[in-house]
Structure formats: C-alpha cells, structure tokens
Number of protein chains: 2
Amino acid sequence: MSHHVSCNDCSLSPICLPLAVAPAQLDQLDRIIHRGRPLKRGDHLFRAADGFDSVYAVRSGALKTYVVSDDGEEQVTGFYLPGEVLGMDGISTAHHVSNAKALETATVCEIPFSQLETLSQQIPSLQHHFFRLMSNEIRADRELHMLLGKKSAEDRVASLLLSLSARNQRRGLSDNIFRLPMSRYDIANYLGMAVETVSRIFTRFQQQNWLRVTGREIEILDRARLCGQNHDPALELTQ
Amino acid sequence: MSHHVSCNDCSLSPICLPLAVAPAQLDQLDRIIHRGRPLKRGDHLFRAADGFDSVYAVRSGALKTYVVSDDGEEQVTGFYLPGEVLGMDGISTAHHVSNAKALETATVCEIPFSQLETLSQQIPSLQHHFFRLMSNEIRADRELHMLLGKKSAEDRVASLLLSLSARNQRRGLSDNIFRLPMSRYDIANYLGMAVETVSRIFTRFQQQNWLRVTGREIEILDRARLCGQNHDPALELTQ
DNA sequence: CGGACATTTGATGAGAATCAAAGCTGGTGG
DNA sequence: CCACCAGCTTTGATTCTCATCAAATGTCCG
C-alpha cells in the first residue's frame, strides 16, 4: 500500500470516478481502490487472456490498448489519458480481451470489479455512473466506426487530434498546445492507415498552417479548418 | 398493454435478459417491460436526439442502428436480431445518439432504463448481466475496429456472414442456411465499402464455391475457407 | 403491370498502401 | 558529457485495392 493518495487529494477527482460519489461515501470507494507502483514506458498493465479482476483509472501518463488477431496483427483500440477508465471490455468474458501498455511512465488506480459491483448496489449514483462510462465508450466506438468507414485519411488524423485536444481541455490543460503520448505508428494503426500516410498528413497540415508539429509537440493553429475539413465543395472553389 | 406475452412464455428467454434473473424474480422484470406493437419495415424505433428513456430487446424481425454525421452521411453501426439488446449508447447522454430502424417487420420489448437501474439495485445478477451486455458491445466494437482497420474487403464480408451465422445458431436456427435481413447497401455501409464491392465479393465467393447466394438467401458451403480467408500464400499459388 | 429500388457487371481512376531509403531523436553506456 | 545505435519519422517512387461512374438487369410491391 505504498503510494497512498486518497481520491480526496487527487486532482482528477472531478473527472474520474469520485465524480459520481457523494463526499460522505467517498471513503467507501477509496477503500477498495489500489494504487499501484508506476509503470515504465512499454510495461503492460494487463494482457489479453489475463484473468479479469479489475478495471483501471489512469492517474498519470498514458496507455494504449490493443488486440491481436489470429494472424498476429496488432490493432490499437484506444488511448487512455489521466482520469479515463480502461479494462471494461473484459467484464463479459472473465478474462481481458485486449492488452494495455504504458506509452510513457504512468500510474493507475486499480479498482477490483466485484467490489465495485457490490458498492454499486449500495450507491445508486455509482452504478449509474458506471453505466454511463460504458455507454460513453460505446458511443465513442460508434463515432470511430463512422470515422473508419466513411472518412478520408486527413479527416481521421484531424479527428484524433481534436479528440486529444478536447480531452486535454477536460483536464484543465491547454487545448491548443500539447504533446502526443503515442508514436506515429500507434496513430496510424489506431486509425487504420500506414505510418507514411500519417506523416505526410502532418506535413500537409503544417504547410497549410493548420498545425505546428515539432516531433510529438502539437500546436493547433486553425481549429476551424481542422474541424470542418476540406469537404465543403463551396470552400474548395474559393481556394 | 396489447400484445402481452410474458418473459416466461418467450422462446428467447434463455438468451435474453431473463437469463440473468432467477425464476422467482422474473415477474419483477416482467412487470417493467412494455411490449409494443409491431414495427413495419422502415419504421423507426427511436431517432438520435429523441429523449433516452429505454433500451430495447428484439423479439422478432431485425433492426439496424445508424448515426448521421455533420455532413449528412449515414453510417450503419449495428444489426440487431431477436434476443439482442439495443439502445445502450444513449445512457450517457440522456438522449439517443443513434437511430434505430426496422429492416423488416419487427417486434421489440421496451425496458425503461431507470426502472431497470432500480431493479438492478435489488437483483445483483441483473446488474451484473447488464454490465456484461455493455461490455460485450464494447468487445464487439474492438473486433470491428480491427476488421475496418486492418482487413481486406473480402475478410470483412466473410466476417459479417460468420457473425450472422453464429447469432443464428445461438437462437437455435441453422448456422449454414439463413436469410440476410439487410440490403447490400446496409452491408456495404456497415463494413465501410461500396455496394458494388459487396456484390462483387458475393459473386467471387460463389464462384469459389464457398457460398451459395440467392438474393438474400445465404448458404455457407465452405466455412473453413470463409474463416481462414485467402491469406495463406501457399493456397494462392495452387489456384 | 409498372415503377422504384436493389443488385450485378464492366470500365476507369484516385487515394492510400507498399517499397525503398534517407534523416532524425532520444535514451544508454562508456 | 558526449557518441552511438535502435527505433522513429520523413520523403519519394511505384503499385494495388477499392471507390466511382455508367448502365443493364432483376425483384418486390402496390
């Protein structure tokens, strides 16, 4: 029980699980949470086929999840930043179905799921919040489905950048200047494209002055264009 | 309260929500469920931006869900067959985020969500089952992510056929001969490809004797090949 | 029977993957 | 503290899968 920071002291509590729990009951939640030692870049938090016991909230750093197909291909399925919860895809199978790997030094809070279920029986708002969390994950997946099914490579990259931007803002950080925790490979894989294409798109965005890119440092210069993208036929004529 | 069939009498109960509820408590679940009048092909069960009140279990027929992007493009996000639950993506937003439309005459059971939450407080196995249902949806989305991100058009079509086959089997129907409830357009849209490509792939599968296709009637002739797909380089040489 | 829509087939083209190779970076150890 | 190396990133050339365009055919339903 080394790194004992209670939810009370955690700066993420307004956007993390405590959000759903009245101050009077926060201790109950706090008691079931384990704070692990930091993960180093490349360390696995869990692997597919590990028994499923817990979900995890990111406290610092960043992780990715990925699945591996029968023929050995990896598919990055998500990026997780501080305040976000991962591991929920294992609930239905008693074992994890994806792998979770630290993209950089990271700390997580472990939340044993059966205890969380018990606690949810006593705290309706916690049950509700957890349903919402999972629902949110499903909703995001629907949007991703649209992105992968219907959108161009440029749209996909823009969309990921805007998502990261919004999530930074949610944590009270700058939404215009931030650092990508993941490699171009991870971005490409997540978005279903080749690394080279991601790289070229960063270059193109930069030439158009929509973005300033220095390695993994990103500055968004023209959010409107990045949102709208170039699909508006009227727009194209005026350029 | 017209079409009153209780869960007790429903042939789907072994694969639907009642699966999670002890016989003694089934009445409680039964009482909160509304059985609506049948939907005709093309009718909407709900639309994005409708208030979210309920989730729905399919009793007969089939539905699709879809989202519409800012620029008006539709993306089919799922197909729902008897015994399956839809609408869970609306939990987190208080309104639905997708649209649900009947692909053919269909009946559904409406399950008011707040009552389901209350009941879940009393029946732990129901809470657990619902977590599992949502987790399952997330897991399926991860697999779809892989499909859209990494797999060829042929793989995608094969994979959808196998999924429908498995879901038919789960309902006690034939897993080799079944009818597609959706159009080629819906298949193409769901899988992120053009109608013409879907059509060509059906033709190709048929020429290889992996499949017999008559309109929407499907017969799977060579399941192994359909699963394995054509990634085996040795195989390609011999053809 | 007719018409709208669904499906199939063919020809062409575009976007992005792949192949190839040259910088760049950051972490490690001397 | 700096040099080195593996892995990351960029850029260019070529290829290929699949989208798009066009049009014929089929099918279901009123």
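Here is how names work: the chains are called A, B, and so on, in the same order as the sequence lines, proteins then strands, and each is numbered from 1. Owing to the predicted nature of the structure, the values given are computational and were not obtained by experimental measurement.
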Q. Of A:S183 and B:M193, whose nearest nucleotide on DNA chain D comes first from the 5' end?
A. A:S183
Q. Any side-chain N or O of A:T197 under 4.0 Å from OP1/OP2 of C:dA16?
A. no
Q) Tell me: CZ of B:R204 to C1' of C:dT9, nearest whole Å? A) 12 Å
(Q) Tell me whether A:K151 is salt-bridged to B:E73, with the criterion being a basic N under 4.0 Å from an acidic carboxylate O. (A) yes
Q) Whole Å only: how far is the CZ atom of A:F205 from the P atom of D:dT9? A) 17 Å
(Q) Do A:N189 and A:D186 make a side-chain contact, defined as non-hydrogen atoms from C-beta onward lying under 4.5 Å apart? (A) no
Q) Any idea how B:H145 and A:Y190 line up, ring-wise: parallel (<30°), tilted (30 to 60°), or perpendicular (>60°)? A) perpendicular
Q) Can you find a side chain N or O atom of B:S152 that sits less than 4.0 Å from OP1 or OP2 on D:dT17? A) no
Q | Interatomic distance where OH belongs to B:Y185 and C1' belongs to D:dT27 [whole Å] | A | 14 Å
Q. Does A:R200 put a side-chain nitrogen or oxygen below 4.0 Å from OP1 or OP2 of D:dT11?
A. no
(Q) Applying a 4.0 Å non-hydrogen cut-off, can you work out what A:A194 is touching in the nucleic acid: base, sugar-phosphate, or nothing? (A) base
Q. Which is true for B:S199 with a 4.0 Å heavy-atom rule: it touches a base, it touches only sugar-phosphate, or it touches nothing?
A. base
**Q.** A:E217/A:R212 salt bridge by N-O under 4.0 Å criterion
**A.** no
Q.
If the cut-off is 4.0 Å, is B:R216 near the phosphate of D:dT27, judged by side-chain N/O to OP1 or OP2?
A. no
Q | Nucleotide C:dA17, atom P - distance to NZ of B:K150 in whole Å | A | 10 Å
Q. What about B:E196: does its side chain form a donor-acceptor pair under 3.5 Å with the base of D:dC21?
A. yes
